[in-house]
Structure formats: C-alpha cells, structure tokens
Amino acid sequence: MNYKELANLLFPDIDKTISYYEEKYPKRNLKDGAKVTRIAPSPTGFVHIGNLYGAFADERLARQSGGVFMLRIEDTDEKRKVEGAVKAIIDAFEFFGLTFDEGVGIDGETGDYGPYFQSMRKDIYQCVAKYLVEQGRAYPCFCTEEELLELRKKQESEKITTGYYGKWARERNLTLDEIKERLSRNESFVLRFKSIGDEQNTFEIEDAIRGTLTLRENYQDIVLLKSNGIPTYHFAHVVDDHFMRVTHVVRGEEWLSTLPAHVEMFRAIGWDLPVYCHTAHLMKIENGNKRKLSKRKDPELGLTYYMELGYHPAAVREYIMTILNSNYEEWRMANPDSSYEEFEFTLEKMSTSGAMFDLEKLNNVSKDVLLKIPAEDIYEFLLEWSGKYKTEITGLLEKNKTSVIRLLSIGREGNKPRKDLIYCEQIFDFISYFFDEYFRIADRIPENIDEQDAKKLLGEYLKTYDPKDDQNQWFEKIRKIAEANGYAPRPKDYKKNPDLYKGHVGDVSTTIRIALIGRANSPDIWEIQQIMGEDKVRARIENMINRIKV
RNA sequence: GGCCCAUUGGUCAAGUGGUUAAGACAUCGCCCUUUCACGGCGGUAACAGGGGUUCGAGUCCCCUAUGGGUCACCA
C-alpha cells in the first residue's frame, strides 16, 4: 500500500504539514513549572456544579503557577449545540469568579493558539489525520451503521469484546484500488486509527491525582474523523491539547477508560503526553445509592439552581475549595481572613473517590462566608438577585434600603456574631416580617401564657413602651410587667420554683416578639424595634391585642 | 457481561508499616441566655468482609462484596 498516495487521495486540499503548525503554535514562553490548563465544555449551555469543581482545579493550577487558563469550546457534535450557550457558559463561570486568560470570550477570541472553537480547526485535525494516513496508522472505513450493528451482534453472540479491531477491522485491508473505487462512488467514510496495541498487554501511566494507573493497551480502531470530516472528542483532545500546549489535562474519571486510546494516538504521532489529572465524580444519593451527578437527571444541580436560590458565589467557591482539597478547611481555620488564592492548591490532595454533594455543608460554609461580607454588600447582592429572580420584592428592598441593611446587621458584630444569613431566598424570608406585605403571625404564643394574659401583657407593654429607651431600660420594663403579672423576672427563678410562677420573663418577651414579627424566634427585638420605628411597633402590638378575642 | 477506578463514623475526610484512628458538618447532652442563633464543654458514631506478608497492617499482596465509570461517526 502506498500510504502517501492514499493520504493525498483522502485529503487533497490539505497542503500544510505538522511542522507548519508546530511553528505556528510554538512552545509557550512561560517560566519553569507554569501550568497550562483548559476547560473544554460542549456548547449545551448547561454548567453544573461538577463542571465548576473541575474548572476551579484548572484555574488554581494555572494561576498559581503563573500559567495560562483557557476556554475552548468542544463543538464537534452538531446535536449538542444550543443557541446562546457559549455566553451562558462564560457568564456562569464568571459569576463564580472564574475568568479566562485565553480562548473563547464574549467579544471574540484572545490568544495565539486559536481558533478555540473546535469547529474552526478542521484543517488542523485533517493535517494530523493525513500524517497518520501517511504513516499507515489511519485508514478510511466505509462501513455503514447497519454493518457495524451486525458486527456487534455477531461479536455478542460469540461472547467476545465488541468493537472494530484486529481481524474484525475488515476495511483495514482495503487496497488502494478498492478505496479509489468506493470514493468514486461517493461512499461516505470515517477515518479510523489503526491500533497496534494488544488487549492482553498492560502499561503504567502516572496520573497526577490518582498515582500510578495500570491500564490495558488500546486495541480498538477508534474513529478519528467522522464522515463529515469533524474529529471525535478523542482525536480533537490529542491534537488540541498538543497544539495549544496544554500541560495538564484535568477531566472527569469517565475518560479513564479511553485514556489508552489517547496515549496510543500521542505515541503514534510522536508527541509528548500531557500530565493527566482525572478527577472523581461528585455524587448524589438517590434511593439509598450513590450516583454520578447527571445533568439530565439532576437539573437542580445546574449552576443556575444556586444562582436562583441566591447563594453567594464566594460561598459556593469556598465550599468547592473544601471538597477540592482535603486540607483546605484546616488551612481556612488557620487563615480565616485570607483569600482562597493564598491557599496552595495541590493535585495530590484531591480525592480519588466520589464525594457526595452536601447541601448542609454548603449552607454551613455559606454562613461563615457571608459573615465576612459587609451588610451593605449583602444588600447589594440581594438586590441584584431579586432583580433577576424575585422582581416582586425589588421595590420593597429599594424603598427600605437603610432598614434592610440594619436588619441584616443585627448581631453580626463582636466576637460571637450571629450567623443567620445563608442565601438570598432564605435571607429574604428571614427579614420578611419587616414588610407589612409579608408579615404574618406564624407561631403561637407560649403555652405558659393564656390569651387573656397575653392581651393584658401586651396592653401594659404598649403603655410603657418608649422608643427612646435604651436596651436595658426597655428590658427592665418588661421584667416589671412580667413580675407584676405572676411571671418570674428571671428564667432561673422559674426553674427553681416553677410552682411559684405562671412562667417567666422569656415567655413575656416571646409574646411581644410574636406580636412584632410573628415568630417565636428572631434576633434581638429591641434592635428590630429601633429599625421598625415607633408607629410600626405600636401598630403591630395593637393589631395583636385586637386579634385576641377574649 | 468485559475492562478500569474506588471503598475510614450519617456526610466531607486526616492517615504513606508502630496513633488512645485527627478535624469539620450533621446529631445528642450540658453550659451561656428574655427567644432563636452564636459561642464553650462533652457524648454517640468508622478502617466493607475474608485470607495472607510482617514482631506489628487502616496502611503492602490476593480473593470476595459493594459502589461508580466505560464499552458510539456524544462529549
């Protein structure tokens, strides 16, 4: 077989050689140890928390080492393309603080290693494909889908490994004349890799996360170019990551099974391998079983889910860092005020087994993160969020800016600050009592207090209420009212002698709290009252008195 | 089913042949306290199972089990 002739026959228009591209995309001039990473989503527009997890690893690796972090769009599959997806992807990553040094951007591409859309790189792939044909390592395969299906059935019935390989790879042996004839009939074909691997052999490869992997050699004649001339993921990965001079390929563990094929391709072309970093999947629990996060089955795990609930990007980022590197939490405790960028991220500290995504933990992390954000900023974030996802409250928030900020600030100072705020939806619920439109009596008055007493206590409270009282004066008045009505002025007194009292001052203050905010639990009511102002306070107490029909 | 990867409390996990097997979240109890939080103290709770190797195994090897991934002209 004259491979050279075959190559020219198959790719008559490809006149560039690999060395042309080697020169066009030279080794990057970066300092020693600089890592070049990329994320390479397909343009479905859907980004989920697992993508973010991987992207953070890429970003940290690159930025920490003075390298390059880029965005490449893997749009080799027409069926997966969604309108506006690229912008959605970029926006989502940017929301969580991820920006790119190179590659696809909102206003076009940046960088010298493009194009960064795979669909625009056809010539580059075909050039490498042509080279492989010349070397006798790739060949056209005219098999139809039906023929392939038939082959599979036969292999299944014989209980042998399915696929196109070895003696089953019939069209490996096509003569040049046969190929010419088929081409002249305009038969469509794919370009297959001619594997020289042996299923029985194993080889070792270092994975930066998992250590030494023992894998079987590839022996399948995988498809390099589809019949439309566009490469499969496998071939595109090899070509792009080489010419874009990517040093570290961070990707999910689903690629482990095709790694042998990628390795064989790199070797066949004569290129060095990148450092592979196969991350574990994030899992979820379903019916008691762990399961890979799936974008089809778990739309709630899309990034938009968190954006809609109003999780602060810094909180999501902080949580992801804790599952990304096992020593991050420890570092955080030692460096509570440092930026996550000061943490030294390492691949060795990444988990090799799939972590369950833990919403409880996210919430916990979020509380701590929000505590460090000034109330004014949280207000702005809340406003921005409502503008997108809860427009009906935007007006309220704007009208009551000062009050809202004060409400968000209650008890956040000092060395034992409250951690009430988690995410916007929850935050609004937390302060919603303030707005008459959302205020409602949700809890019952304490069981130690009957309705008649409640009415009386509230009446007396209203009489003595003076917004000018400081917190101590205010509470002393409540103590007096409590005592005068048979309630212990201190909870301890009641505990000691429960028979002497109907209840204690806490029961009285809870009654006032319910009248004011409708709930039995809340931050300090004196502070809330100062924010509400005298009129609103009096109105709510009076309303409660009137509600009680005794 | 073949192949590959994984397996320490409910969850995230430290651990690289000798530890009373860390820590965090959750949970429970107590303390603080006008409620709830916050905070403090304490508790319950784990090396999937079985064989080896070794003076000694969570750590190394083998088998089994379980979970996951993958077996496309999808990525």
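A, B, ... follow the sequence lines: proteins, then strands. Residue 1 opens every chain.
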(message) So, OP1 or OP2 of B/rA13: does either fall under 4.0 Å of a side-chain N or O from A/S351?
(response) yes
| message | Tell me if a side-chain donor or acceptor on A/Q473 pairs with a main-chain N or O of A/D470 at a distance below 3.5 Å. | response | yes
- Query: Looking just at side-chain N and O atoms, do A/E254 and A/H278 make a donor-acceptor pair shorter than 3.5 Å?
  - Reply: no
Sequence neighbours excluded, the answer for salt bridge (Lys or Arg N to Asp or Glu O under 4.0 Å) partners of A/K492 is none
ask   = Closer than 4.0 Å, any side-chain N/O of A/R192 to the OP1 or OP2 of B/rC73?
value = yes
Do A/R80 side-chain and B/rC74 base share a donor-acceptor contact under 3.5 Å? yes
Sorted by chain and residue number, the ring pair (Phe, Tyr, Trp, His ring centres under 6.0 Å) partners of A/F203 (sequence neighbours excluded) come out as none
*asked:* Over all strands shown, is A/R412 touching base, sugar-phosphate only, or nothing at heavy-atom distances under 4.0 angstrom?
replied: nothing
B/rC30 and B/rU44: how far apart are their C1' atoms, nearest whole angstrom? 15 Å
- [ ] Answer with yes or no after comparing the ring centroid distance for A/Y494 and A/Y487 against a 6.0 Å cut-off, counting only values under it.
- [x] no
*asked:* Does a side-chain N or O of A/N521 approach OP1 or OP2 of B/rA37 to a distance below 4.0 Å, or not?
replied: no
Which atom pairs link the protein and nucleotides 58-62 of chain B when you take only N or O atoms and keep those under 3.5 Å?
none

Is there a donor-acceptor contact under 3.5 Å from the side chain of A/S432 to the main chain of A/D429?
yes
Below 4.0 Å: OP1/OP2 of B/rA75 and any side-chain N or O of A/T76
yes
If you measure from the P atom in B/rC38 to the same atom in B/rG29, how many Å do you get, rounded? 15 Å
>> Between A/Q471 and A/D524, do the side chains contain a donor N or O and an acceptor N or O under 3.5 Å apart?
In response: yes
- Check if the side chain of A/S509 and the base of B/rU34 share a donor-acceptor pair of N or O atoms closer than 3.5 Å. yes
- Query: When you compare B/rC32 with B/rA37, how far apart are their C1' atoms, in angstrom units rounded to a whole number?
  - Reply: 12 Å
Need one value for A/T161: base, sugar-phosphate or nothing, where a base atom within 4.0 Å counts as base even if backbone is also close, heavy atoms only. nothing
With sequence neighbours left out, the residues meeting salt bridge (Lys or Arg N to Asp or Glu O under 4.0 Å) with A/R72 are A/E74, A/D240, A/D241
Among B/rA13, B/rU34, B/rU70, the one nearest any side-chain atom of A/A355 is B/rA13
Have A/N218 and A/E264 got a donor and an acceptor in their side chains that come within less than 3.5 Å? yes
Hits for side-chain contact (heavy atoms from CB on, under 4.5 Å) against A/I323, two or more places apart or cross-chain, chain-then-number order -> A/Y53, A/L282, A/Y319
Quick one: which protein N/O atoms are closer than 3.5 Å to N/O atoms of nucleotides 39-46 of chain B? Pair and distance per line, please.
| residue | atom | partner | partner atom | Å |
| --- | --- | --- | --- | --- |
| B/rG39 | OP1 | A/K419 | NZ | 2.8 |

Does any N or O donor sit under 3.5 Å from an N or O acceptor when you compare the side chain of A/T322 with the base of B/rC12?
no
A correct dot-bracket answer for RNA chain B, with pairs being Watson-Crick or G-U at under 3.5 Å, [ ] for crossing pairs and | for inter-strand pairs, is (((((((..(((.....[....))).(((((.......)))))....(((((..]....))))))))))))....
Cationic tip of A/R251 above A/Y276 ring, under 6.0 Å, 45° of axis: no
Among the nucleotides B/rC71, B/rC73, B/rG69, whichever has the atom closest to the side chain of A/T162 is B/rC71
Ranking B/rC5, B/rC12, B/rU11 by distance to the side chain of A/I323, first place goes to B/rC12
Considering just the side-chain nitrogens and oxygens of A/R418, establish if one lies under 4.0 Å of OP1 or OP2 belonging to B/rC36. no
| message | Strictly below 4.0 Å: does A/K349 bring a side-chain N or O up to OP1 or OP2 of B/rG15? | response | yes
Between CD1 of A/I427 and C1' of B/rA37 the distance, given in whole Å, is 15 Å
The nucleotide from B/rC3, B/rA75, B/rU34 with an atom nearest the side chain of A/W474 is B/rU34
Using residues 501-512 of chain A as the side-chain source, report each donor-acceptor pair under 3.5 Å to any protein atom, sequence neighbours left out, with the distance given to one decimal.
| residue | atom | partner | partner atom | Å |
| --- | --- | --- | --- | --- |
| A/K502 | NZ | A/D453 | OD2 | 2.7 |
| A/K502 | NZ | A/N485 | O | 3.1 |
| A/H504 | ND1 | A/G506 | N | 2.8 |
| A/D507 | OD2 | A/N448 | ND2 | 2.9 |
| A/D507 | OD2 | A/H504 | N | 3.0 |
| A/S509 | OG | A/G506 | O | 3.0 |
| A/T510 | OG1 | A/G506 | O | 2.8 |
| A/T511 | OG1 | A/D507 | O | 2.8 |

Query raised in the report: Taking the same atom, C1', in B/rU16 and in B/rG58, what whole-Å distance lies between them?
Result: 12 Å
Establish, with yes or no, whether the OP1 or OP2 oxygen of B/rA75 is under 4.0 angstrom from a side-chain nitrogen or oxygen of A/K226. yes
Taking the ring of A/W255 and the ring of A/Y233, is the distance between their centroids below 6.0 Å?
yes
Rounded to whole Å, the CG-C1' distance (A/L371 to B/rA37) equals 12 Å
*Could you check whether A/F475 and the base of B/rU34 form a stacked pair, meaning centres closer than 5.5 Å and planes differing by less than 30°?*
yes
* Asked: Does A/E329 come within less than 4.0 Å of A/R332, counting only side-chain N to carboxylate O?
  -> no
Taken in chain and number order and not counting sequence neighbours, the residues that satisfy side-chain contact (heavy atoms from CB on, under 4.5 Å) with A/D466 are A/K468, A/D469, A/K477
- If you look at every strand shown and take non-hydrogen atoms under 4.0 Å, does A/S227 touch a base, only sugar-phosphate, or nothing? base
Write out a two-atom table: protein N or O, nucleotide N or O from nucleotides 20-23 of chain B, distance below 3.5 Å.
none

For residues 213-230 of chain A, the salt bridge (charged side-chain N to carboxylate O under 4.0 Å, His left out) pairs (sequence neighbours left out) are A/R172-A/D221
Per the under-4.0 Å heavy-atom filter, residues of residues 199-211 of chain A near RNA chain B come out as A/R210
Which of A/Y165, A/W168, A/F193, A/Y164 passes ring-ring contact (aromatic ring centres under 6.0 Å, His included) with A/Y219? Answer is A/Y165
Base, sugar-phosphate, or nothing for A/K492, non-hydrogen atoms under 4.0 angstrom?
sugar-phosphate
